[in-house]
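Worksheet: the structure to be examined is printed underneath.
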Amino acid sequence: MTALHDWSLTPSAAVALQRELAPRLILEDRIEAVETIAGVDIGFEAAGEITRAAVVVLAWPSLEYLEQHVHRELTRMPYVPGLLSFREVPAALAAFDALQPRPDLIMVDGQGIAHPRRLGVASHLGLWLDLPTIGIAKSRLCGKHGAVPEARGEWTPLAHRDETIGAVLRSRQGVKPVFVSPGHRLSLPTAVDWVVRCLGRTKLPEPTRLADRLASRRGRVG
DNA sequence: GCGACAG
DNA sequence: ATCTTGTCGC
């Protein structure tokens, strides 16, 4: 019952594809007027056999709820550090198909270019949809950084092989920082700005926080 | 060779 | 990610 799909690549083939795609990323600000922002996250059911992709769309600048959508499908790949997009992006794309006007900006739960080959899940999704994306991860995949300032909104750079790949942001005082990195079509400063602007009084920005709840079915969103 | 390792 | 109870703090 193995559902083969063009996303089901062997690890080495997936790595080769990442190396081919990373150079195509645009890390300059190519983002239009923002009126809607989407948050995406993936959750699992039935001991991981079912993948559940959730997308929540909010209006900017009110952050008012506009719509949500959930797509469920059989899980196609196991979790392998560095290859997360092959496990989650297919389901996320299906969830996005239900959105009529596409969002102007997307916040993804995971890394953008803060990845060994600069192609985290946020970058891969952004490249595929050709939309601006930002990666917001709750923990580090690669790279190193110094002490993170205690004040909310402050950050310290995340570096990897002499490159600045992201920001370790104190999104909420007294709480572990989040790792922000550009996904596609925007710069690091711009990515951090958007995350800070979408922050409520919680650790995660509203789009991602709501998508998280919907994906893990931990409460109502709309 | 020995760790580290998004979700 | 997911499995899980109470508990500390704004």
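Only a predicted model underlies this, so the values are computations on that prediction, with no experimental measurement involved. What's counted below: heavy atoms across the whole structure, side chains too, no hydrogens, waters or symmetry copies. So you know, we letter chains A, B, ... as the sequences are listed, proteins then strands, and number each from 1.
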[X] [atom1] to [N] [atom2]: how many Å, rounded?
X: Leu83(A); N: dA6(B); atom1: CG; atom2: C1'; result: 11 Å
X: Leu119(A); N: dA6(B); atom1: CG; atom2: P; result: 16 Å
X: Gln18(A); N: dC5(B); atom1: CD; atom2: P; result: 18 Å
X: His115(A); N: dA4(B); atom1: NE2; atom2: C1'; result: 14 Å
X: Ile113(A); N: dA6(B); atom1: CD1; atom2: C1'; result: 15 Å
X: Ile42(A); N: dG7(B); atom1: CD1; atom2: P; result: 12 Å
X: Leu84(A); N: dA4(B); atom1: CG; atom2: C1'; result: 16 Å
X: Leu169(A); N: dA6(B); atom1: CG; atom2: P; result: 19 Å

Next item on the list: Indicate whether Tyr79(A) forms a stack on dG7(B); treat it as stacked only if centroid distance is below 5.5 angstrom and interplanar angle below 30 degrees.
Entry: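 Yes, Tyr79(A) stacks on the base of dG7(B), since the ring centres sit under 5.5 Å apart and the planes are within 30°.
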
Checklist line | Heavy atoms of other groups near Arg102(A) CZ, more than 12 under 6.0 Å | finding: yes

Next item on the list: Kindly check if the number of other-residue, nucleotide or ligand heavy atoms within 6.0 Å of CD (Glu35(A)) is above 12?
Entry: no

Margin query: Just checking Phe96(A) against His69(A), ring centres under 6.0 Å apart?
Written below: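 No - the distance between ring centres of Phe96(A) and His69(A) does not fall below the 6.0 Å cut-off.
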
Side chains of [X] and [Y]: do they bring a donor and an acceptor to under 3.5 Å?
X: Asp29(A); Y: Ser187(A); result: yes
X: Arg117(A); Y: Gln18(A); result: yes
X: His71(A); Y: Glu73(A); result: yes

Which is true for [X] with a 4.0 Å heavy-atom rule: it touches a base, it touches only sugar-phosphate, or it touches nothing?
X: Gly120(A); value: base
X: Val80(A); value: nothing
X: Gly82(A); value: base

Margin query: I want to check one thing: is the phosphate of dG7(B), taken as OP1 and OP2, less than 4.0 Å away from some side-chain N or O of Ser139(A)?
Written below: yes

Check: Is Lys138(A) near enough to dG7(B) that one of its side-chain N or O atoms lies under 4.0 angstrom from OP1 or OP2?
Finding: yes

Next item on the list: Identify which nucleotide among dA6(B), dA4(B), dA1(C) has an atom closest to any side-chain atom of Arg140(A), counting heavy atoms from C-beta outward.
Entry: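 Among dA6(B), dA4(B), dA1(C), the one nearest the side chain of Arg140(A) is dA4(B).
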
Item checked: Nucleic acid footprint by protein, nucleotides 3-10 of chain C - heavy-atom cut-off 4.0 Å, B for base, S for sugar-phosphate alone -> --------

Note to self: I'd like to check Ile165(A) versus Ser181(A) (side-chain heavy atoms, cut-off strictly below 4.5 Å). Are they in contact?
What the structure shows: no

